[in-house]
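One structure is given here, and the rest of the page talks about it.
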Amino acid sequence: MDLSGKVICVTGAARGIGQAYVTALAGFGARMVAADLSDCSATVDLAAAAGGKAIAAGLDVTQMDSCKAMADAAMQAYGRIDGLINNAALYGTLKGGRFDTLLESDWDAAMAVNVKGIWNACKAVVPHMKAAGGGSIINISSLAASYGTPYVLHYTTSKAAVTGLTRGLARELGRDRIRVNAIAPSAVLTDATQDFFADKADQALETIRRMQSIQSNLRPDDLTGTAAWLMSEASLLVTGQTLAVDGGTYMG
Ligand SMILES: NC(=O)c1ccc[n+]([C@@H]2O[C@H](COP(=O)([O-])OP(=O)(O)OC[C@H]3O[C@@H](n4cnc5c(N)ncnc54)[C@H](O)[C@@H]3O)[C@@H](O)[C@H]2O)c1
């Protein structure tokens, strides 16, 4: 996959799957912006080790000014923006439980980061994509939305909202040649997944693995090829889609 010439911002890039997107896409030749609440210097180093280029940007997706600062950092460093991966989310830190016991503060925070954060980042970046003549946005949803994962209703609902946002925005931005798609992964072996399932992690991962047609739990690198394809010219007429990368679990 050749992504040379493209400038791509990834939110939530300090660790986990976001870090894998930055590293892999940098290796494919894209110039990357690794943005997160946390320090992204390790991600920048990994991109360099992959033979690519990344800069770090501090980011709180709940704050519009912060999203604009990320876009400004990309423009200052590279002069254009072609891609955005809305990967930042609250996931492992959300406290699970029956729907009527979830913390209201967790519910509000999940919506603020996982849903409104995508809206904010898109508002900051889309004007620059229009100026570049088009672009590609990837929003990260989850199998949790299509399956309807119980006992984490804040998370499940926020990831279902990502699908609607993706479809509506794809229709709005098509005429600007900006594509908007989503990736819905199954459980991925990350630190956040361990936190999410806590003491039931081994059991949950085994159950999820058995639900898959291809029965291997996903690793972050299993998602990067789909992201690279959606960022590339090879997917030029693909928009409004949510691609399940889940080993063949959800087939809707
Ligand atoms: N790991 C999985 O099993 C899995 C499965 C399906 C979907 N996903 C989704 O994939 C994405 C990455 O998952 P992960 O396991 O790497 O999670 P993670 O928790 O390791 O990474 C999320 C990153 O987002 C950052 N972040 C949180 N709030 C932020 C904010 N307000 N502004 C900017 N950055 C913020 C965090 O600092 C963190 O680095 C998430 O959207 C998650 O919902 C994960």
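Whatever order the structure lists ligands and atoms in, that order sets their numbers, starting from 1. Excluded from the calculations below are hydrogen atoms, water molecules and symmetry mates; all remaining heavy atoms, backbone and side chain alike, are included.
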- Query: Does the pair Asp176 and Met129 meet the rule for a side-chain contact (heavy atoms from CB on, under 4.5 Å), with working shown?
  - Reply: CA-CA 9 Å; Asp176 299 305; Met129 287 185 173; over 6 Å; no
- Item | side-chain contact (heavy atoms from CB on, under 4.5 Å) between Thr43 and Val10, intermediate numbers included | CA-CA 11 Å; Thr43 306; Val10 180; over 6 Å; no
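Note on residues 123-148: pairs passing side chain to side chain donor-acceptor pair (under 3.5 Å), not counting sequence neighbours, are Asn86-Asn139, Asn139-Thr166.
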Identify the protein atoms, limited to N or O, that lie within less than 3.5 Å of an N or O atom of ligand 1, and list each pair with its distance to 0.1 Å.
from     : atom 1 : to     : atom 2 : distance (Å)
ligand 1 : 1 (N)  : Thr190 : OG1    : 3.3
ligand 1 : 1 (N)  : Thr193 : OG1    : 3.0
ligand 1 : 3 (O)  : Tyr91  : OH     : 3.1
ligand 1 : 3 (O)  : Val188 : N      : 2.6
ligand 1 : 3 (O)  : Val188 : O      : 3.4
ligand 1 : 3 (O)  : Thr193 : OG1    : 2.9
ligand 1 : 15 (O) : Thr190 : OG1    : 2.7
ligand 1 : 16 (O) : Ile17  : N      : 2.9
ligand 1 : 19 (O) : Arg15  : NH2    : 3.3
ligand 1 : 20 (O) : Arg15  : NE     : 2.7
ligand 1 : 20 (O) : Arg15  : NH2    : 3.3
ligand 1 : 31 (N) : Asp60  : OD1    : 3.0
ligand 1 : 32 (N) : Leu59  : O      : 3.4
ligand 1 : 32 (N) : Val61  : N      : 3.0
ligand 1 : 37 (O) : Asp36  : OD1    : 2.6
ligand 1 : 39 (O) : Asp36  : OD2    : 2.6
ligand 1 : 41 (O) : Asn87  : O      : 2.7
ligand 1 : 41 (O) : Lys159 : NZ     : 2.9
ligand 1 : 43 (O) : Tyr155 : OH     : 2.6
ligand 1 : 43 (O) : Lys159 : NZ     : 3.1

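Asp221 has no carboxylate O lying under 4.0 Å from a charged side-chain N of Arg219, or vice versa, which leaves the two without a salt bridge.
Within a 6.0 Å radius of CD1 in Ile214, no more than 12 heavy atoms belonging to other residues, nucleotides or ligands are found.
Rounding to the nearest 0.5 angstrom, the gap separating the CG atom in Asp36 from the CZ atom in Arg15 is 9.0 Å.
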